[in-house]
Amino acid sequence: MFVQSLRSAEELELAAGQSYMPVVAERRPDYRGRLDLQLLGTSVSLSQARMTPLRTFRTPGMAAKAERDDLFFCVHLAGSGRLLQQGRAAELRPGVGVLYEARSAWEMDSVSDVRSLMLQFPRDLLPLRPSEITDGLARAMDVRSPGLRLLSGYVGQLFRLADDLSAQQRHDAGLAGVELLTMALRGMTPMAPSDRSAGAVLLGLMRAHVREHLADPRLTVAELARRHHVSIRHVHTLFSVIGTTPGAYIRRQRLLSARAMLADRRHDVRPVSDIGAAVGLCEQRTFERAFQREFGMTPAGWRRERRAHESTSGSARIVVPGPGADLVE
């Protein structure tokens, strides 16, 4: 087992990119987490995550560049949150299981301390039709489902006992976990929708639309309402559920995207003004003031600090390998 303590959202992004898939994590000064990873042969892994409240997401651009076509099945053990993918919203609570994929955008919000187990494996190991897999994404599996209860018990035991198994046994046990997941998915009955399910789905669609159209300077609250055929007032009502306004959400997503671009060395030659324009903030002074209010420094200053941090800490960081790789420290 490989164990890594996470002391910041940046460390989570690094660990996720090396062990699971690249993600963006919302910066929170009090964030803490821990990842315990079990490699089950060359293609399957099982991990346990313990984290304080956090929002993570995978952008459409990240999904388009996915090197692996992996699926992830998460068994939520403690805490609450929500997973958005494919225009659907799965409410997460203890006992719930949910499937999601690396090759399309997603967002996960946890509103309390959470603990979960996650099985990761290549799509081609799951003997279901592509349409069945797509239909199963971001659908919460009923905690009362016998198939889910059997699967949850198995992955919990496997996580605890994997260190005592031989390499061949771990390989076989990982494949057995995928087979149990196939059984559970075939018998899946989606949980009964709540009165807010339609609103949650529409909110998820709007949030995905914002993230996919950040470069469009015409994207305003009024335009978001028009494109989804609802009133501006209704848009405000939907976003109030997640504790923000639609305007603040659009601005925040633009700034988070700009920060991700500033952190990417492939964009080092691009002027700050170009990066601002790429996320829909075409006036450089407006972009710089908004960035400084949000993150405490200018875009250029943040880029310099990030590079200085990389140059001083890069040689000392712990590398978390992906499935099938050697453990390196």
Side-chain angles (χ1 to χ4, degrees), residues 9 23-28 53-64 80-92 104-111 138 193-262 272-299 302:
V23 302
V24 178
E26 186 176 48
R27 267 52 177 177
R28 295 187 182 178
L54 188 69
R55 185 175 69 87
T56 56
F57 60 91
R58 183 164 169 83
T59 67
M62 288 176 171
S80 59
R82 179 181 294 128
L83 171 72
L84 303 172
Q85 189 172 60
Q86 295 288 346
R88 293 189 285 268
E91 299 292 335
L92 305 177
S104 64
W106 56 260
E107 179 173 334
M108 187 175 291
D109 284 310
S110 60
V111 297
S194 67
D195 293 339
R196 299 191 312 167
S197 61
V201 170
L202 180 56
L203 176 61
L205 290 171
M206 288 184 175
R207 295 166 79 175
H209 184 87
V210 169
R211 294 192 300 272
E212 292 168 5
H213 295 83
L214 294 176
D216 184 358
R218 300 169 300 168
L219 182 61
T220 62
V221 178
E223 184 65 12
L224 186 65
R226 188 191 67 80
R227 294 177 188 181
H228 290 83
H229 311 289
V230 296
S231 68
I232 295 175
R233 181 177 180 180
H234 190 51
V235 176
H236 278 272
T237 299
L238 291 174
F239 276 86
S240 69
V241 174
I242 58 173
T244 189
T245 66
Y249 182 81
I250 293 170
R251 182 173 59 254
R252 174 74 172 169
Q253 294 305 305
R254 282 175 164 154
L255 293 172
L256 284 171
S257 181
R259 189 178 63 177
M261 293 175 69
L262 289 165
V272 166
S273 58
D274 283 2
I275 289 179
V279 297
L281 297 169
C282 299
E283 294 291 333
Q284 183 173 352
R285 291 191 64 186
T286 300
F287 171 46
E288 291 178 343
R289 285 197 299 267
F291 194 96
Q292 186 157 18
R293 282 196 303 269
E294 189 73 23
F295 303 120
M297 62 182 68
T298 65
W302 193 88

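We number each residue from 1, following the sequence as shown.
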- Glu26 atom CD, over 12 foreign heavy atoms within 6.0 Å: yes

- Message: Which residue in the set Leu205, Leu203, Val210 passes side chain to side chain contact (heavy atoms under 4.5 Å, CB included) when paired with Arg207?
- Response: Leu203

- Qualifying residue, where the test is side chain to side chain contact (heavy atoms under 4.5 Å, CB included) with Phe291 and the options are Val272, Leu255, Leu281: Leu255

Rounded distance (nearest 0.5 Å) linking atom [atom1] of [X] with atom [atom2] of [Y]:
X	Y	atom1	atom2	answer
Leu92	Leu83	CG	CG	6.0 Å
Ser273	Glu288	OG	CD	8.5 Å
Trp302	Arg259	CH2	CZ	6.0 Å
Arg82	Met108	CZ	CE	12.0 Å

- Sequence neighbours left out, what pairs pass side-chain hydrogen bond (donor to acceptor under 3.5 Å, both in side chains) with at least one residue falling in residues 215-228? His209-Arg227, Asp216-Arg218, Asp216-Arg227, Glu223-Arg226, Glu223-Arg227

- CA sep, side-chain torsions, deciding dist, call: Arg211, Tyr249, side-chain contact (heavy atoms from CB on, under 4.5 Å): CA-CA 10 Å; Arg211 294 192 300 272; Tyr249 182 81; 3.0 Å; yes

- Message: side-chain contact (heavy atoms from CB on, under 4.5 Å) for Met206 and Phe239? Distances and angles first, verdict last.
- Response: CA-CA 9 Å; Met206 288 184 175; Phe239 276 86; 4.1 Å; yes

Within the side chain of [X], is there an N or O that forms a donor-acceptor pair under 3.5 Å with the backbone of [Y]?
X	Y	answer
Thr56	Ala25	no
Arg254	Val279	yes
Gln86	Ala138	no

- Query: Taking all atoms of both residues into account, what is the closest heavy-atom pair of Leu214 and Ser257, and its distance?
  - Reply: CD1-CB, 3.5 Å

- Shortest non-hydrogen separation from Ala105 to Ala63 and the atoms involved: N-CB, 3.9 Å

- Message: I'd like to know whether Leu256 forms a side-chain contact (heavy atoms from CB on, under 4.5 Å) with Phe295, so could you lay out the CA-CA distance, the side-chain angles of the two residues, the decisive distance to 0.1 Å, and finally the verdict.
- Response: CA-CA 10 Å; Leu256 284 171; Phe295 303 120; 4.1 Å; yes

- Set of residues satisfying side chain to side chain donor-acceptor pair (under 3.5 Å) with respect to Arg55, sequence neighbours excluded: Glu107

- Query: Leu54 versus Ser110: any side-chain heavy-atom pair under 4.5 Å?
  - Reply: yes

May I have the list of side-chain donor-acceptor pairs in residues 240-248 shorter than 3.5 Å, sequence neighbours left out?
from: Ser240; atom 1: OG; to: Thr237; atom 2: O; distance (Å): 2.5
from: Thr245; atom 1: OG1; to: Ala248; atom 2: N; distance (Å): 3.1

- N-O pairing of Glu294 and Arg251 below 4.0 Å: no

